[in-house]
Structures are given as structure tokens and as C-alpha cells.
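One-based numbering along the sequence shown. Below, all heavy atoms of this structure are taken into account, side chains as well, without hydrogens, waters or symmetry copies. In listed order, ligands and their atoms are each counted from 1. Not measured: the values here are computed from a predicted model.
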Amino acid sequence: DRERELPHVAILSSPGMGFLIPLAQLAKRLVLHHFSVTFITHTIDSLQITQNTILNTLPRSIKTISLPPISPQEIPPDAKLPTFVSITQKLSTPSLLHVLKTLRLTSTHRLVALVVDLFGTDAFDVAGEIGVPSYILYTGNFLALSVDLHLSTLDPESSEPVKMPGCRPIPREDLVTTAQDRTNQAYTWLLHHAGRYKLAKGILVNSFAELEPETLMCLKGEPSHLPVYPVGPLVQSGSTGKGDGPTPNWLRWLDDQPRGSVLFVSFGSGGALSFEQTQELALGLELSGLRFLWVVRSPNDKEACATYFGVKNNQQEPLDCLPDGFLERTKGVGHLGPLWVPQIEVLSHGSTGGFLSHCGWNSTLESMVHGVPMIAWPLHAEQRTNALILVEDLKVAVRPTAGESGVVKREEIARVVKALMDGGDEGKRIRSRMMRLKEACVKALAPQDGSSHKALSDVLRQWTSRVSLE
Ligand code: UDP
């Protein structure tokens with residue numbers, strides 16, 4: 001029957017906002033192209049509230065399914081994010097199989113693809129079992145994807161920058177942090193997934209051709225011929241579920257600031273600084289004398305995933321970690337945001353003029369899409385690689401230099417904040433380059449001719465053609 005000929009795509013997101021947000025965005029795009037979509041997540045109690053703010057923005061036609069929780073005892077207590085996420089995904093494959101089988105039997109639409117993120121490759125087997133092809137939405141950029149694919153061939157003894165075809169050289173210390181400690185389970189998991197990427201029918205990448213032309217060409221060309229599709233920037237648009245409630249304090253404050261005057265300071269969904277660095281950052285912002293909106297987190301120097309899921313582990317109250325008298329002295333000039341602010345609304349706000357960011361790839365794309373120049377402050381994962389692209393290649397960010405102890409001192413922080421925000425020549429040049437990137441983002445997504453639009457259309461055609469195949 002005709003109804004059953006409509007294509008249906010199942011999307012499976014790893015726990016973590018950095019996966020959920022771009023995958024949800026893909027889901028919305030698919031609905032616009034007349035696909036039916038089921039969006040599958042994992043049940044992680046502490047993630048539920050923020051996760052729901054995103055899931056609630058999905059169109060009502062998208063069915064959401066949460067897989068049953070796995071036992072917390074299965075996760076080692078010191079697990080890093082890749083380990084946590086990979087174990088959760090792996091142990092959930094039986095329930096995923098059940099969900100997919102049920103969808104096949106009961107949905108009026110034909111299941112044509114399963115899309116997972118970079119930690120979801122164990123689901124390939126499940127999809128294969130019921131004859132559904134698997135795709136990845138890689139939520140980083142092409143350079144990071146190349147690193148993942150080359151990890152197993154890197155010489156651990158060498159200190160030379162890593163050189164891969166089509167890629168800028170990457171100093172060892174700027175490689176993905178998971179690769180810095182090969183004895184950690186997280187590294188084994190990363191290798192496991194990267195080794196399976198080639199099993200995907202297609203790898204959609206949240207970047208665009210004009211941003212990384214050579215790296216893209218090399219991945220697509222000889223000898224690997226990887227089926228990569230640049231479909232980015234996939235970032236949230238429109239409302240992020242603000243709803244009809246009262247205007248939050250941070251937004252009221254932002255509304256009152258002069259145009260382009262505020263530096264937004266945030267380290268993504270889970271990034272946190274050490275106690276000493278938190279204090280130094282506060283004093284540096286104060287010293288700059290410029291306006292800031294800061295999402296302060298409890299100090300934590302470890303790359304454990306606890307902060308990502310809001311798990312309290314004897315955390316101090318964030319405000320207790322600020323220098324004495326800081327709040328009084330910066331009153332009016334600075335505002336401290338709650339633990340979660342809808343970042344896209346801050347970046348699209350006229351008062352925002354700069355973004356001090358941990359350079360997570362979603363945050364980076366969101367800054368580009370809104371033409372907001374950056375201060376690069378990478379912490380974990382592939383964020384140092386992203387910072388290289390931003391600072392050295394695209395020149396749309398400034399990066400503070402850490403002192404010998406590894407801590408960035410207040411004077412250095414004030415220097416970069418002023419360089420970006422104080423109306424000087426360097427800041428103006430950086431800003432105008434970011435504005436050009438903003439235009440490039442619009443072009444890549446333009447209907448018909450945009451490179452990312454065309455790449456996504458190619459994938460959609462593959463999916464649509466499966467309907468008539470069966
Ligand atoms: N985000 C947000 N509010 C916050 C923190 C994060 O809306 O307070 C969103 C942000 O806009 C981005 C995502 O969460 O879409 C974080 O992804 P990213 O890749 O930047 O970093 P991660 O959190 O994965 O390190």
C-alpha cells in the first residue's frame with residue numbers, strides 16, 4: 001500500500017548533549033524532506049532534564065523511544081566519556097534489536113536506514129540482522145575523522161607532528177585526548193569504533209566542503225573511497241524550548257547590554273576547570289573590565305564523565321569557588337548563568353560579541369553560524385585539534401597561552417579578552433573573518449546549490465530508493 005512506501009529512518013543517539021543535539025537536528029531535516037523518523041535515546045537519569053529540553057523541540061510526528069537503563073555497576077567508576085558511552089551502547093544492543101524489529105513490524109512506513117553517532121557502531125550488527133543499512137552522523141569535523149581513522153597506524157614512540165593525507169600537520173599534544181593514554185580503556189573503545197566506520201553504508205559529517213576541501217577529497221578519494229557526506233553545519237535553529245514561561249534572569253540581563261558587547265563564557269555540556277583555573281578566569285574577566293555572561297561549573301580537572309551527566313560527586317557549589325568579593329566587584333558588568341543555558345539563544349542574541357569556548361565542535365559550528373568570533377580554550381576530546389583549525393587555519397579565534405604550571409594567568413586572560421572585544425584591529429580582523437565564515441555556512445546549506453544540501457540529498461535519494469527495492 002502507498003502509506004507503507006514512505007521511507008522511515010531510525011536515529012540512535014549516544015547519551016550526551018554533544019550527540020543528541022546534532023542528531024535531533026538531522027531528524028528535523030528529515031521530516032522537512034517527508035521522511036518519517038523514530039528517535040532513540042538511552043535512559044540516563046541525570047541527563048533526562050536537559051535531554052528533554054531538546055527532545056521537546058522535535059516535531060510531534062517524530063516518535064521518541066528511550067531504551068531501558070543499563071545497570072550502573074556495568075560502568076567502571078573512573079570511566080571516561082568514550083568508555084561510558086560505548087558500554088552503554090553495547091549493553092543496549094538487545095533492546096535496540098527489539099525496538100527495531102517492532103518498528104519493522106508495526107510501522108506503516110518502511111525502515112530504510114539506521115543512523116548512529118561515532119560511538120554507536122555496535123548497533124551496525126543489530127541493523128544488519130534485520131537487513132537495514134547503517135549510517136553514521138559523525139559529529140566532529142573531517143580532520144578529527146581522519147585522526148580517528150589513522151589512530152591505529154600512529155607510531156607511539158614518535159614526537160613528530162602527525163601528517164595525514166590532505167590534512168594540516170597536528171602536533172602530538174593536540175591530538176584527541178583519548179589517544180594520549182593508550183593504556184586507558186577509552187583508547188581501546190575509540191580504536192574499536194574507528195575500525196568499524198568503514199562498515200557504514202555512509203558517513204555523514206557535520207562539517208562542510210568549503211571548510212575542509214582537501215581533507216574531504218582525501219577521505220573520498222583513493223585508496224579508501226570512504227562514503228563521506230559533508231552535511232553541516234547541522235545546528236539548532238529557532239526556539240530551543242524557551243516556552244511561554246517568564247524571561248530568565250540571564251536573558252533579561254543580556255537584553256539590557258549594548259550591541260555586541262558581551263563575551264559568552266562556557267565550556268560545553270560538561271567541561272569544567274580546576275579550582276585554581278576557575279579563580280584565575282574570574283580574576284582575568286574582572287581585570288579586562290569587559291562584559292561577560294559566564295556559565296560557571298564546579299571545579300573539576302578530570303576528564304571523567306561525571307560532569308557531563310550532572311552527577312554530583314561531592315561537588316562544591318560553583319559560586320563558592322569564585323574569588324572573595326568577585327560577585328560584588330563585577331556586578332552589572334558580569335552575569336553568571338545557570339548550569340544550562342540554551343546556548344544557541346545566547347549566540348544569536350545581538351548583545352553577544354564573543355565566545356570563550358572549549359571548542360566542542362557543536363559549539364564551534366554554532367559560533368560560526370552566528371558569526372561570533374571566539375577565544376579558544378580547549379579542554380578534552382578533539383577540542384585541541386578544533387582549536388588549531390580555528391586559531392591557525394581559519395584565524396577566527398585567539399588562544400591564551402598557559403603559564404608553566406599549565407594555568408592560564410589572569411593577565412593573559414584579560415589580554416585575549418581585550419584583544420577580541422575591545423574594538424582593536426586584531427579583534428576587528430578576527431570578527432570580519434568570522435562573518436565571512438557565517439556567509440559560507442549559509443551558502444553550504446542553500447537549497448539546490450549548497451554543497452551540504454546536495455550531499456544530504458544524495459543520501460536521501462539512497463534511502464528513498466530502498467523503498468522501491470523491497
Ligand atoms: N549547550 C547548551 N547549553 C549549555 C551547554 C551546552 O545549549 O549550557 C549545547 C551547545 O549549544 C552544543 C552542545 O550543548 O550544541 C555541546 O556540544 P559541544 O560539541 O560544543 O560540546 P560537548 O558538550 O559535547 O563537549
Please confirm whether [X] comes under 4.0 Å of ligand 1, counting heavy atoms of the residue only.
X	result
L339	yes
H380	no
V295	no

Show me which atoms of ligand 1 lie under 4.0 Å from any heavy atom of [X].
X	answer
G268	5 (C), 6 (C), 23 (O)
S363	18 (P), 20 (O)
W361	19 (O)
G360	18 (P), 19 (O), 20 (O), 21 (O)

**Asked** Under 4.0 Å from ligand 1, counting heavy atoms only, is it the side chain of N362, its backbone, both or neither?
**Response** both

**Item:** Residue part near ligand 1, for W340, under 4.0 Å between non-hydrogen atoms
**Value:** both

**Item:** Residues E439, R436: salt bridge by 4.0 Å N-O rule
**Value:**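 Result for this pair is no, no salt bridge flagged.
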
Is there a polar contact between ligand 1 and [X], counting only N or O atoms under 3.5 Å apart?
X	answer
R297	no
M17	no
E366	yes

**Request:** Evaluate the side-chain proximity of V235 to Q25: yes if any heavy-atom separation is below 4.5 Å, no if none is.
**Result:**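 No; the side chains remain at least 4.5 Å from each other.
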
Show which side-chain atoms of residues 62-72 pair as donor or acceptor with protein atoms under 3.5 Å away, not counting sequence neighbours.
{"residue": "S66", "atom": "OG", "partner": "T43", "partner atom": "OG1", "Å": "2.9"}
{"residue": "S71", "atom": "OG", "partner": "Q73", "partner atom": "N", "Å": "3.2"}
{"residue": "S71", "atom": "OG", "partner": "Q73", "partner atom": "OE1", "Å": "3.2"}

